Every structure is written in C-alpha cells, then in structure tokens.
There are 2 protein chains.
Amino acid sequence: MDPKPSLPTSDMICFALYSATHAMQHAYKPLLEALGLTYPQYLVLVALWGSDGQTVGQLGQALQLESNTLTPLLKRMEAQGLVARARDAKDERQVRVSLSTAGREMQARAAGIPGCILERSGMSLAGLTALRDQVNALRDQLRGA
Amino acid sequence: MDPKPSLPTSDMICFALYSATHAMQHAYKPLLEALGLTYPQYLVLVALWGSDGQTVGQLGQALQLESNTLTPLLKRMEAQGLVARARDAKDERQVRVSLSTAGREMQARAAGIPGCILERSGMSLAGLTALRDQVNALRDQLRGA
DNA sequence: GTTAAATGCATCGCACACGATTTAATCGCA
DNA sequence: TGCGATTAAATCGTGTGCGATGCATTTAAC
C-alpha cells in the first residue's frame with residue numbers, strides 16, 4: 001500500500017498527507033459533481049456561507065490560497081452565477097465577493113455532504129476531531145516555523 | 001487559523017489535510033528547487049531508488065497517480081536526463097522507467113531532505129509515525145470503502 | 001502636494017491531477 | 001487461427017496551484 005517500506009518517516013508522512021488528500025477529494029467528487037462544483041469552489045462557498053462579502057484577500061487567508069489561484073476560480077464561479085465580484089467603494093484595491101441567490105440556495109443542496117463524508121471516513125467524530133487537530137498542528141508548525 | 005469555527009468536522013478534517021499538504025509541499029520546495037525537482041518528480045525518484053525499472057502502472061500504483069498524470073511528468077524527467085523510458089520487450093504495452101546515472105546520483109544529493117523536513121515538523125519521530133498511520137488509515141478507509 | 005513605498009488584485013507561464021477517450025498490444029476462447 | 005475483449009499508455013480538455021511580474025490604488029514621507 002505504501003510506496004516503499006524503507007522510505008524515511010518524514011517522507012512517508014508527507015506522502016500520507018498527499019495521498020490522503022487525493023482520496024478525500026475523490027470522495028467529495030461525486031457529491032460535488034451533482035452540484036456542478038469543484039472542491040476549491042465548495043470551499044469558497046463554505047467560507048462565504050460563514051461570512052458573506054469577504055475580500056479576495058480574506059478568502060485567501062481563510063483557504064490558504066493566493067490571488068493568482070483565487071481570481072480565475074472566482075471568475076468561473078461568477079460565470080456560473082454563484083457569486084458576484086465588485087470593487088469596494090471605500091478601497092478600490094479590494095474586490096468583495098458576495099453570494100448570489102443561487103449561491104445561497106446551494107447551502108441547502110450541499111447540507112448532506114459533511115454527513116456523507118463522515119460516514120465514509122468510518123471514524124468517530126471525536127477521532128476525526130483529534131486527527132484534525134494533529135494535522136493542523138503539523139501544518140502550523142511547517143508554515144509558522 | 002481555521003476557515004470557520006462553525007465548519008462541520010468532516011469538512012474540517014478534509015480542509016486540514018488539504019492545507020497541510022500545501023504547507024508540506026511549500027516546505028519541500030526550496031530543498032527540491034536546489035535539485036531542479038518538483039515534489040511529484042521527487043516521489044518518482046524515491047520510488048525508483050527503492051526499485052528501479054518499474055512500469056508506469058507500477059509507479060502509478062505506488063504513488064496513486066494515473067497514467068495521464070505520470071506520462072507527461074516522466075517525459076519531463078526524461079528530458080532532464082533523470083530517467084529513461086522504454087517499452088518492455090516481453091509486453092510492449094508496458095513502458096519501463098529506469099534511472100539514469102544522473103538519476104542515481106540524485107539520491108546522494110537528496111539525502112539530507114528527510115532530515116530537514118523532520119526538523120521543520122517540530123515533531124518526534126514516534127509522533128510523526130503515529131500521525132502517518134492514522135492518516136493512512138483514513139485514506140484507506142476512504143479509498144477502500 | 002508630490003513622490004516613494006506598500007497593498008491588493010490580475011496576468012502569465014508552468015506543472016500537476018483527473019475524467020473521458022483513443023491507440024496499440026495481448027489474451028481468451030471458439 | 002482468428003477476432004472480440006481486455007489491458008497499458010498516451011492524448012485531450014478542464015481546473016487548480018503557485019512563482020514572478022504588472023498595474024492601479026492607497027498610504028507615508030518629506
């Protein structure tokens with residue numbers, strides 16, 4: 001299952017994250033496909049459902065993505081009619097992203113997704129939470145160093 | 001730090017993996033850049049250092065990648081002179097990938113990388129190993145269903 | 001009040017990643 | 001032997017990701 005049992009541990013944890021991320025996206029894919037969304041697009045919607053009208057920079061902070069990734073992604077979502085993009089009147093350097101009606105309605109249609117994934121994971125909520133905290137701790141250590 | 005505290009847990013573990021993977025690749029990047037490698041290319045080399053002359057399919061099995069990802073990746077590595085690609089004489093459907101001299105020499109030049117990452121992670125070897133096993137278990141659960 | 005620096009977003013180029021399809025080689029079975 | 005089914009790579013199109021760069025706007029300094 002693992003690429004090579006003799007791999008150094010630090011390489012193996014990295015590969016584990018790498019392949020688990022792929023497996024996770026694979027699990028989300030059929031659920032999101034039914035809504036016409038990709039995984040990063042879903043993340044943008046989740047962020048906006050939590051707080052609408054965020055700037056591109058705030059979304060990037062939340063999702064750990066740069067503007068060069070977000071701009072084309074948001075433009076595709078705008079073309080799909082999920083969000084609207086508009087320069088902030090106070091500071092015209094900033095672009096605020098807001099949910100359209102279709103974008104808000106998507107929340108109800110996507111409501112079943114987390115439960116589906118939770119079930120597929122075969123883990124308890126407490127187990128997942130603990131794992132999440134450990135993975136986040138590793139991430140912050142690597143980023144913050 | 002997290003996108004939204006109110007996110008469902010199964011979404012949050014997924015995002016944790018997603019962002020930790022990015023952070024990990026970010027940590028590898030400067031080390032690999034000095035060798036002229038990307039992270040997936042490094043993974044291919046690690047796999048070949050373990051067992052040279054694998055087929056494209058075997059590499060895909062090891063790295064959990066499809067031929068549509070591997071073929072252009074391997075072609076770039078061939079253009080760089082790291083590997084050679086040749087049809088198997090016994091079964092000409094298969095393409096065997098073997099290390100060049102430069103590809104083998106890269107192993108010594110990359111020897112310090114796992115130690116660097118281990119240090120950057122700020123975790124003990126045992127801690128990393130335990131985390132790796134949990135992440136792998138989640139991945140297998142998602143994949144194997 | 002004009003200029004220099006910083007900020008926020010967009011553009012460009014490159015490298016994955018994958019679903020769907022195609023092509024070439026091998027296998028299975030009558 | 002022959003030919004459809006299967007298998008292994010390669011190809012095609014779309015969508016991220018990110019480093020480097022550019023441009024417009026705002027802020028700070030003088």
Side-chain angles (χ1 to χ4, degrees), chain A residues 15 17-30 32-44 54-80 82-83 85-97 143, chain B residues 15 17-30 32-34 36-44 54-61 63-80 82-83 85-97 143:
Chain A
F15 179 76
L17 291 172
Y18 175 80
S19 59
T21 298
H22 291 166
M24 192 65 93
Q25 300 220 22
H26 188 76
Y28 271 93
K29 180 165 269 272
L32 293 175
E33 217 158 47
L35 306 180
L37 296 173
T38 64
Y39 181 64
Q41 288 170 5
Y42 172 69
L43 288 182
V44 167
Q54 295 188 60
T55 67
V56 172
Q58 288 171 327
L59 284 173
Q61 187 77 15
L63 308 182
Q64 293 294 303
L65 295 173
E66 306 293 325
S67 72
N68 51 12
T69 297
L70 279 174
T71 294
L73 195 162
L74 292 171
K75 280 186 173 178
R76 279 187 287 270
M77 293 179 74
E78 188 177 39
Q80 281 186 258
L82 293 170
V83 301
R85 295 157 63 249
R87 294 264 165 202
D88 188 304
K90 293 283 199 306
D91 184 343
E92 298 221 340
R93 289 173 303 179
Q94 300 184 111
V95 168
R96 294 209 170 264
V97 183
R143 271 199 102 75
Chain B
F15 178 76
L17 291 172
Y18 175 79
S19 58
T21 298
H22 291 165
M24 191 64 93
Q25 299 219 25
H26 188 76
Y28 270 93
K29 180 164 266 274
L32 292 175
E33 218 158 45
L37 296 174
T38 64
Y39 181 64
Q41 288 172 4
Y42 172 68
L43 288 182
V44 167
Q54 295 187 60
T55 67
V56 172
Q58 288 172 328
L59 284 173
Q61 186 78 14
L63 308 182
Q64 290 296 301
L65 295 173
E66 306 293 326
S67 70
N68 49 13
T69 298
L70 279 172
T71 295
L73 195 161
L74 292 170
K75 281 185 174 176
R76 279 187 288 271
M77 293 179 74
E78 189 177 38
Q80 281 186 260
L82 292 170
V83 302
R85 296 155 64 248
R87 295 261 164 204
D88 187 304
K90 293 284 198 307
D91 185 343
E92 298 220 340
R93 289 174 304 180
Q94 301 183 112
V95 167
R96 295 209 170 265
V97 182
R143 235 182 11 223

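Just so we're clear, the structure is a prediction, and the values are computed from it rather than from any experiment. By convention in this document, chain letters (A, B, ...) are assigned in the order of the sequence lines, proteins followed by strands, and residues within each chain are numbered from 1.
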### Query
Which of residues 20-27 of chain B have a heavy atom under 4.0 Å from DNA chain C?
none
### Query
Taking only residues two or more places apart in sequence or in another chain, which ones pass salt bridge (charged side-chain N to carboxylate O under 4.0 Å, His left out) with A/R93?
A/D91
### Message
Would you say A/Y39 places a side-chain N or O within less than 4.0 Å of OP1 or OP2 belonging to D/dG15?
### Response
no
### Message
For DNA chain C, report each stem as range with range, ordered by first number, or say none. Use Watson-Crick or G-U wobble pairs under 3.5 Å, at least 3 in a row.
### Response
C:1-30 with D:1-30
Report all side-chain donor-acceptor pairs from residues 17-30 of chain A shorter than 3.5 Å, counting only partners two or more places apart or in another chain.
residue : atom : partner : partner atom : Å
A/S19   : OG   : A/F15   : O            : 3.0
A/S19   : OG   : A/A16   : O            : 3.4
A/S19   : OG   : B/R139  : NH1          : 2.8
A/T21   : OG1  : A/L17   : O            : 2.8
A/T21   : OG1  : B/L17   : O            : 3.3
A/T21   : OG1  : B/T21   : OG1          : 2.7
A/Y28   : OH   : B/S10   : O            : 3.4
A/Y28   : OH   : B/D11   : OD1          : 2.6

### Task
Let me know the distance between CD of B/E66 and C1' of D/dT14, rounded to the nearest Å.
16 Å
Check nucleotides 6-11 of chain D against the protein and report each pair of N or O atoms closer than 3.5 Å, with its distance, or say if there are none.
residue : atom : partner : partner atom : Å
D/dT7   : O2   : B/R93   : NH1          : 3.2
D/dA9   : OP1  : B/V56   : N            : 3.4
D/dA9   : OP1  : B/G57   : N            : 3.4
D/dA9   : OP2  : B/G57   : N            : 3.0
D/dA10  : OP1  : B/R85   : NH2          : 2.7
D/dA10  : OP2  : B/T71   : OG1          : 2.6
D/dA10  : N7   : B/S67   : OG           : 2.9
D/dT11  : OP2  : B/K75   : NZ           : 2.7

### Task
Figure out the CG/P separation between A/L73 and D/dT14, and round it to whole Å.
16 Å
### Summary
Footprint ends on DNA chain C, 5' to 3', for atoms under 4.0 angstrom from a heavy atom of chain A, come out as C/dT7 to C/dG19
### Message
Under the rule for salt bridge (charged side-chain N to carboxylate O under 4.0 Å, His left out), what residues qualify as partners of B/E66, not counting sequence neighbours?
### Response
none
### Partner residues of A/R85 under the side chain to side chain donor-acceptor pair (under 3.5 Å) criterion, sequence neighbours left out
A/E78
### Query
Got a sec, which residues hit side chain to side chain contact (heavy atoms under 4.5 Å, CB included) with B/S67, two or more places apart in sequence or on another chain?
B/V56, B/T71
### Message
Does any part of the side chain of A/L63, heavy atoms only, come nearer than 4.5 Å to the side chain of A/V44, both counted from C-beta?
### Response
yes
### Task
State which residues pass side chain to side chain contact (heavy atoms under 4.5 Å, CB included) with B/E92; sequence neighbours excluded, sorted by chain then number.
none
#### Entry: Under the side chain to side chain contact (heavy atoms under 4.5 Å, CB included) test, residues paired with B/Q41 that sit two or more places apart
B/L37, B/T38, B/L73, B/R76, B/M77, B/Q80
